[in-house]
Protein chains: 4
Amino acid sequence: MDKKSVETSVKNEELIRKRRDQMVKAAVKLFTEKGFHRTTTREIAKASGFSIGTLYEYIRSKDDVLYLVCDDIYRQVNTRIKEKIDVKGDGLACLKDAIATYIKIVDEMRSEMLVMYQEAKSLSKESLPYVLNKELEMAGVFEDILGLCVQSGQIGLAEPEVRFFAQHIIVQCQMWTFRRWALRGYTLEEFTQMQINAIMGGLTSINKAELSV
Amino acid sequence: MDKKSVETSVKNEELIRKRRDQMVKAAVKLFTEKGFHRTTTREIAKASGFSIGTLYEYIRSKDDVLYLVCDDIYRQVNTRIKEKIDVKGDGLACLKDAIATYIKIVDEMRSEMLVMYQEAKSLSKESLPYVLNKELEMAGVFEDILGLCVQSGQIGLAEPEVRFFAQHIIVQCQMWTFRRWALRGYTLEEFTQMQINAIMGGLTSINKAELSV
Amino acid sequence: MDKKSVETSVKNEELIRKRRDQMVKAAVKLFTEKGFHRTTTREIAKASGFSIGTLYEYIRSKDDVLYLVCDDIYRQVNTRIKEKIDVKGDGLACLKDAIATYIKIVDEMRSEMLVMYQEAKSLSKESLPYVLNKELEMAGVFEDILGLCVQSGQIGLAEPEVRFFAQHIIVQCQMWTFRRWALRGYTLEEFTQMQINAIMGGLTSINKAELSV
Amino acid sequence: MDKKSVETSVKNEELIRKRRDQMVKAAVKLFTEKGFHRTTTREIAKASGFSIGTLYEYIRSKDDVLYLVCDDIYRQVNTRIKEKIDVKGDGLACLKDAIATYIKIVDEMRSEMLVMYQEAKSLSKESLPYVLNKELEMAGVFEDILGLCVQSGQIGLAEPEVRFFAQHIIVQCQMWTFRRWALRGYTLEEFTQMQINAIMGGLTSINKAELSV
DNA sequence: GATGAATGAGAGTTCATTCAT
DNA sequence: GATGAATGAACTCTCATTCAT
């Protein structure tokens, strides 16, 4: 299931892309302000710059809008990650860079990601797994980097621990969006530094910690 | 603003407590299944065991139900925390216990907490700060424990770092609810152990980590 | 159909009178402020100083309250008219006095009468004729006075004209309630004087007027 | 604030006019039968010939219907008055004609005006002044005619008396709607003749009357 | 392809009335 | 006689969706 899977009565692919861009942009703005359920399709159409009739030429239902929004956001996030994060060289250095980079991406796409985390639960039974999969794909990057560290002997983690740690890291970075209210006092730089310390510290000292538990 | 602040036309306090318990229990179940917006007041009334008219004798609007749900959950979580977490003795040992205990509470109240994190954004402008405050109160417990560690010289953190770390810990523990889909492979015990390793490792090695960054 | 016709489950007549007085007083106040339909039975009960359950011990339905209110108002108006208006002596002088007196009564019972004229249409099919009858009874007083004038030869009106003129007079006096917004500029005295001039002028000159038409 | 001030989600002005005509016509009928409060929006929609959804495309709330009804009635009344009443020539003759004409208009629009006088009180705080203003506008026509009489020396009235007398006349004419139940015995012609006698007699004899009071 | 008027199921909420206590 | 919790029919209003133009 991918972007094309949302059926359309319009044939011109170029136009579809254009209209959906307008739509997603408008929807993210509206969902950010008032949430998915409190936003009406009329509002989405109006903010997109076309009529309600036209909106329904490019989607089958309001749920499709949410799906397109989530899909678009993941697309962007993944693109940026692939552009900016290289999985090679020194494992730990690579990880540190990746964390900083990912937090920066999270910061740039703050509203979008917040919308996604708050509304994803409203996705249809069919769309949700697809979206969660994209999230796992993203986690994969961190798993790869952690794998690099393991391979080079920098850290000692079994496979299940690697998977867990990737999630651990992602959640910490995303916290910048969903716990914003509790982090008002910190700048992006401070937050980044503290997260790197906390995460990487935890990682490198696991063996010692395990002994002491 | 506390529980009593939601106005009622019913006067019998005992009855109010009873009916609201029924209501909150029913609402949590329904919100878990289909979310706040997709649940109708009629469904809440029915699941509570009384009529729609009776429901509205105990609340003024649907939003009140959400508020009562959040309020009730925090009340329970805080009660359990105060019952089970002692802030005294060896700081690090205390912290380890606290993490394990908190994760256990999170696990027991999984549905409730999930509902809260997903729907809190729908709270009214007046209720939201109240609820966020309860969350900060909860974070306070971890700040206190970290303070204990700092005092005893077990870890070296400045005040802002303490506040940050408390949030860091809370988010990691709560992850057991909102990232459940990504943690299917782990038992509660495994998850707890890994989090303790990750968090406490990170903590004790911060000085070292800072040097190496 | 009279006051007693509104059935009660309470037997003590004294109590019935007392409770209904409270009720009517409260209802007039509320109906004045927000109209019959926008006033709830709960509000009436509360303003009356007893519970909703008690309210329904003294009425069968909300409509009964309106009936009791109208009935009570007519009772008061008629009592005052009978107290203060004498149908004897010089016809025209008597009429002039009656007009002034009636306007005074209208002024004293402004809110009550306004409520009645605005809400009477909501009376049940059975109550309305009864209330309208009371109004005709009131008009009867003016018919009697006009009869006095005719008998003494002061004015020359046939019977149908007498009936019409009584209505004409009553409407002009009541105008002080229902056209208040258009009469803001006048004092009660000015209004009274102008009405007397207008009405009595019309009356005494009818023969002449008829010729000129 | 005029007809257009009631917001619509429909853009086609022609259609708005048409639908609102249907709506007002239906509403007047229903309000006449059962009053504003006892009429439901669904009934209005149905009687208008469209669905409840469509009704709400042309109004924002039920109150708007009442406003549109009142506005429409005044529009019609004023149009007819301007068509049929000329303020020129012999003052008294003009006045006599105006009274007869206005009573005829009142008779033609009996139900409409009755609705208005009974329900206007339910208009919103913003609409009421607008509607009362229209009524004063109407009174202005009679003030002008009376002014004509004063100028030509046919009657001797000061300005405040002129304003009062205009109200006096209007109320007498409208009485044909709101006191119908008391005027059953008279034909329109009889009523008209009697009112002309009563009003014009009062008017022309005022100087004389004042002396005798 | 684009439009927007029309639809009606369904949502939240109110309130007159009842009846066990 | 008094109380007030419970009831549910009925109300106003919304909004996703369709389809003729």
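- Regarding Tyr56(B), its OH atom lies at a distance of 15 Å from the C1' atom of dA10(F), rounded to whole Å.
- Remark: Lys34(D) engages Glu43(D) in a side chain to side chain donor-acceptor pair (under 3.5 Å) (not counting sequence neighbours).
- Nucleic acid contact for Thr54(C): base, since at least one base atom lies under 4.0 Å from a heavy atom of the residue.
- Residue whose closest nucleotide on DNA chain F sits further toward the 5' end, between His37(A) and Thr40(D): Thr40(D).
- Nucleotide dC11(F) holds its P atom 17 Å from the CD1 atom of Ile52(B), rounded to whole Å.
- Glu119(C) places a side-chain N or O within donor-acceptor distance of the main-chain N or O of Phe36(C), the cut-off being under 3.5 Å.
- Counting only distance, with no hydrogens or angles, the side chain of Thr32(C) and the backbone of Val28(C) share a donor-acceptor pair below 3.5 Å.
- Remark: P of dA16(F) and CZ of Arg42(A) are 9 Å apart, rounded to the nearest angstrom.
- Contact check for Leu128(C) versus Tyr67(C): no side-chain heavy atoms found under the 4.5 Å cut-off.
- Remark: C1' of dC11(F) and CZ of Arg38(C) are 13 Å apart, rounded to the nearest angstrom.
- Looking only at atom types and distance, the side chain of Ser9(D) has a donor-acceptor partner in the side chain of Glu57(D) under 3.5 Å away.
- A donor-acceptor pair shorter than 3.5 Å can be found between the side chains of Thr8(B) and Arg20(B).
- Judged by closest nucleotide on DNA chain E, Ser51(D) is the one of Gly53(C) and Ser51(D) placed further toward the 5' end.
- Side-chain contact between Asp64(C) and Tyr58(C): absent, with no pair of heavy atoms (C-beta onward) separated by less than 4.5 Å.
- Here the CG-CG distance, from Leu132(D) to Leu123(D), works out to 8.5 Å after rounding to the nearest 0.5 Å.
- First and last contacting nucleotides of DNA chain E toward chain D (any atom under 4.0 angstrom from a heavy atom, 5' to 3' order): dG4(E) to dG10(E).
- Between the CG atom of Asp63(A) and the P atom of dC15(F) there is a distance of 16 Å, rounded to whole Å.
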**OP:** Kindly indicate, with the supporting measurements, whether the criterion salt bridge (Lys or Arg N to Asp or Glu O under 4.0 Å) is fulfilled by Lys18(D) and Glu14(D).
**Re:** CA-CA 6 Å; Lys18(D) 183 181 156 197; Glu14(D) 180 62 37; over 6 Å; no
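- Along DNA chain E, the nucleotide nearest Tyr58(D) and the nucleotide nearest Phe36(B) are compared for position; the residue whose nucleotide lies closer to the 5' end is Tyr58(D).
- Residue-to-nucleotide proximity on DNA chain F shows that, of Lys62(A) and Thr41(D), the 5′-proximal contact is made by Thr41(D).
- In DNA chain E, stems built from 3 or more consecutive Watson-Crick or G-U wobble pairs, each with both distances under 3.5 Å, span E:2-21 with F:2-21.
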